[in-house]
Undergrad: 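Attaching a single structure in structure tokens format; questions to follow.
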Amino acid sequence: GRSVYRVYNDDMGRANIDKFNLMTQIRQALKDKQFRLFYQPKMDIRSGRVCGVEALIRWPQPDGSYIAPDDFIPLAESSGVIADIGHWVLQEACEACMRWRQQGHGSVGVAVNLSYVQFRDGSLERSVQQVLRQSGLPSSALELELTESMLIGEGDDISRQLSAIHQMGVSFSIDDFGTGYSNLGYLRRFNASRLKIDKSFITDLGVSQRDEPLVRAIIQMAASLGLHSVAEGVEDEATLNLLRQLGCDEAQGYFWSRALPEHEFIAWLKQHNAISELPHSSEL
Ligand code: C2E
Ligand code: MG
Ligand code: MG
Ligand code: MG
């Protein structure tokens, strides 16, 4: 203006425009049903069998690439559209899991990641109830993944919602454990079944000793609290063997499979189940 000086940082302007464009595209993508769920198996370390599946969102692009959730979920959260995306994810995951059961691919359950926004807006309980009813999936087959930060300082209303959902028969896991806060008080108040050790602690386990004491302690703590421990990001056999020695219950990672589109996941599952039906190689 006439007497006002304004410092305009061009980069900042561009960043805001990019964000605005991306936000508009996210809304449009939801309307156009562009999002897809991919599925990654979760393995029982002792039996070597698939014990669950995690649903992970993907945003396919016209050039065949995908935008990763870490690159659009935070923006979807800040604009509030995550509530609708989150409901879609729940619905899609429950329907898919129900389809697998009906097609005879076994009775593994599905785990869905939640955003703190779905939590705070008070719609979660209704949303969960609705998708279970519509899909016909038994509540025991649904697991919700929450991060520590969602559970720190949670208010009464959130506690009430969580215990209502727990009473429906849905289970909870704590995702990315170890990266949040060191206040562990929430573990006492909150009914979780699984502790998922963040992959940053698992990645170098096979090659370096550094993280072993920490991972060992987390597994022991989980066990003494009556929680199953799950290792995220297992990429090689050395890591798996060490986790087995440490008494970890379950694992997930590229060693078995990346997250796959539904038809590829089913093919993987069939092949894996066929192999694990065979007598153990040492018995042959
Ligand atoms: P997360 O829930 O902790 O998911 C684990 C991430 O690790 C996934 O990344 C998965 O593809 C990746 N991963 C699995 N195994 C390995 C491995 O062996 N090595 C390595 N390096 N990575 C592995 P992804 O799919 O990119 O998801 C990132 C995060 O985005 C998730 O972390 C979750 O917090 C969030 N997210 C994903 N889908 C949804 C969703 O539907 N709703 C919400 N609210 N958040 C989601
Ligand atoms: Mg997760
Ligand atoms: Mg995680
Ligand atoms: Mg994560």
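Ligands are counted one by one from 1 in listed order, and the atoms in each one are counted from 1 as well. Because the structure is a prediction, the values reported are computed rather than measured.
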Undergrad: So, D32 side chain and Q34 main chain: donor-acceptor pair closer than 3.5 Å or not?
TA: no
Undergrad: Considering only heavy atoms of V89, which atoms of ligand 1 have at least one such atom less than 4.0 Å away?
TA: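 The list of qualifying atoms is 41 (O).
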Undergrad: Can you name the atoms of ligand 1, numbered from 1 with element, that are less than 4.0 Å from a heavy atom of P69?
TA: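 Once the distances to P69 are compared, the set is 24 (P), 25 (O), 26 (O), 27 (O), 28 (C), 30 (O), 36 (N), 37 (C).
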Undergrad: When the aromatic ring centroids of F72 and W59 are compared, is their separation below 6.0 Å?
TA: yes
Undergrad: How far apart are the closest heavy atoms of V131 and C94, and which atoms are they?
TA: CG2-SG, 4.0 Å
Undergrad: Which of the atoms in ligand 1, numbered in the order shown and given with their element, are less than 4.0 Å from a heavy-atom of L114?
TA: 44 (N)
Undergrad: Side-chain polar contacts of residues 35-46 - donor-acceptor pairs under 3.5 angstrom, sequence neighbours left out - could you list them?
TA:
unit_1: R36; atom_1: NH1; unit_2: K33; atom_2: O; d: 3.2
unit_1: Q40; atom_1: OE1; unit_2: Q252; atom_2: NE2; d: 3.0
unit_1: Q40; atom_1: NE2; unit_2: S257; atom_2: O; d: 2.9
unit_1: K42; atom_1: NZ; unit_2: E143; atom_2: OE2; d: 3.4
unit_1: D44; atom_1: OD1; unit_2: R46; atom_2: N; d: 3.0
unit_1: D44; atom_1: OD1; unit_2: S47; atom_2: N; d: 2.9
unit_1: D44; atom_1: OD1; unit_2: S47; atom_2: OG; d: 3.3
unit_1: R46; atom_1: NH1; unit_2: D249; atom_2: OD1; d: 3.4
unit_1: R46; atom_1: NH2; unit_2: D249; atom_2: OD1; d: 3.1

Undergrad: Determine which of the N, O or S atoms in E54 is closest to the Mg ion (ligand 2) and give its atom name.
TA: OE2
Undergrad: Quick check against the 3.5 Å criterion: does R58 have a side-chain atom that pairs as donor or acceptor with the backbone of Y66?
TA: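 Checked: no pair found.
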Undergrad: Kindly indicate, with the supporting measurements, whether the criterion side chain to side chain donor-acceptor pair (under 3.5 Å) is fulfilled by T239 and D236.
TA: CA-CA 6 Å; T239 305; D236 53 61; 2.6 Å; yes
Undergrad: Counting heavy atoms only, name the option from D236, N113, D71 that's nearest to atom 42 (N) of ligand 1.
TA: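 Looking at heavy atoms only, the winner is N113.
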Undergrad: Run down the list I82, L56, T239 and name the one with the heavy atom closest to atom 31 (C) of ligand 1.
TA: L56
Undergrad: Quick one: report the N, O or S atom of E145 that is nearest to the Mg ion (ligand 2).
TA: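 E145's closest N, O or S atom to the Mg ion (ligand 2) is named OE1.
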Undergrad: Heavy-atom contact check, 4.0 Å cutoff: does E235 meet ligand 1?
TA: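 For ligand 1, residue contact (heavy atoms, under 4.0 Å) with E235 is present.
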Undergrad: Verify side-chain contact (heavy atoms from CB on, under 4.5 Å) between V112 and E145, making sure each step is shown before the conclusion.
TA: CA-CA 6 Å; V112 170; E145 300 200 357; over 6 Å; no
Undergrad: Is the distance from the Mg ion (ligand 2) to some N, O or S atom of S173 under 2.8 Å?
TA: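 Short answer: no, not a single N, O or S atom is under the cut-off.
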Undergrad: Only heavy atoms of Q40, strictly under 4.0 Å: list the atoms of ligand 1 that pass.
TA: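 Listed by number with element, the hits are 14 (C), 15 (N).
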Undergrad: Does R58 have a heavy atom less than 4.0 Å from any atom of ligand 1?
TA: yes
Undergrad: When you measure from the side chain of S65 to the backbone of Q61, do you find a donor-acceptor pair of N or O atoms at a distance under 3.5 Å?
TA: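 No.
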Undergrad: Below 4.0 angstrom from a heavy atom of D70, which ligand 1 atoms are there? Numbered from 1 as shown, please.
TA: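 That gives atoms 28 (C), 29 (C), 30 (O) of ligand 1.
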Undergrad: Should E54 be listed as contacting ligand 1, given a heavy-atom distance under 4.0 Å as the test?
TA: yes
Undergrad: Check whether D176 reaches the backbone of T179 with its side chain - one donor and one acceptor, N or O, closer than 3.5 Å.
TA: no
Undergrad: From E232, does some N, O or S atom reach closer than 2.8 Å to the Mg ion (ligand 2)?
TA: no
Undergrad: Just to confirm my numbers, could you give the angle made at the Mg ion (ligand 3) by OD1 of D176 and OD1 of D175, rounded to 10°?
TA: 100°
Undergrad: Is the closest side-chain heavy-atom distance between F177 and V230 below 4.5 Å?
TA: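 A side-chain contact is absent here, since even the closest heavy-atom pair is not under 4.5 Å.
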Undergrad: Is there a polar contact between ligand 1 and D175, counting only N or O atoms under 3.5 Å apart?
TA: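 Yes, at least one N or O pair falls under 3.5 Å.
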Undergrad: Just distances here: any N/O of E232 and N/O of ligand 1 closer than 3.5 Å?
TA: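 Min N/O separation from ligand 1 is below 3.5 Å for E232.
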Undergrad: Using distance alone, determine whether I57 and ligand 1 share an N or O pair under 3.5 Å.
TA: yes
Undergrad: What atoms in ligand 1 come closer than 4.0 Å to a heavy atom of D176?
TA: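 Listed by number with element: 3 (O).
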Undergrad: Inspect the surroundings of CD in Q271 and state if more than 12 heavy atoms from other residues, nucleotides or ligands are less than 6.0 Å away.
TA: no
Undergrad: Under the rule for side chain to side chain donor-acceptor pair (under 3.5 Å), what residues qualify as partners of S115, not counting sequence neighbours?
TA: E77
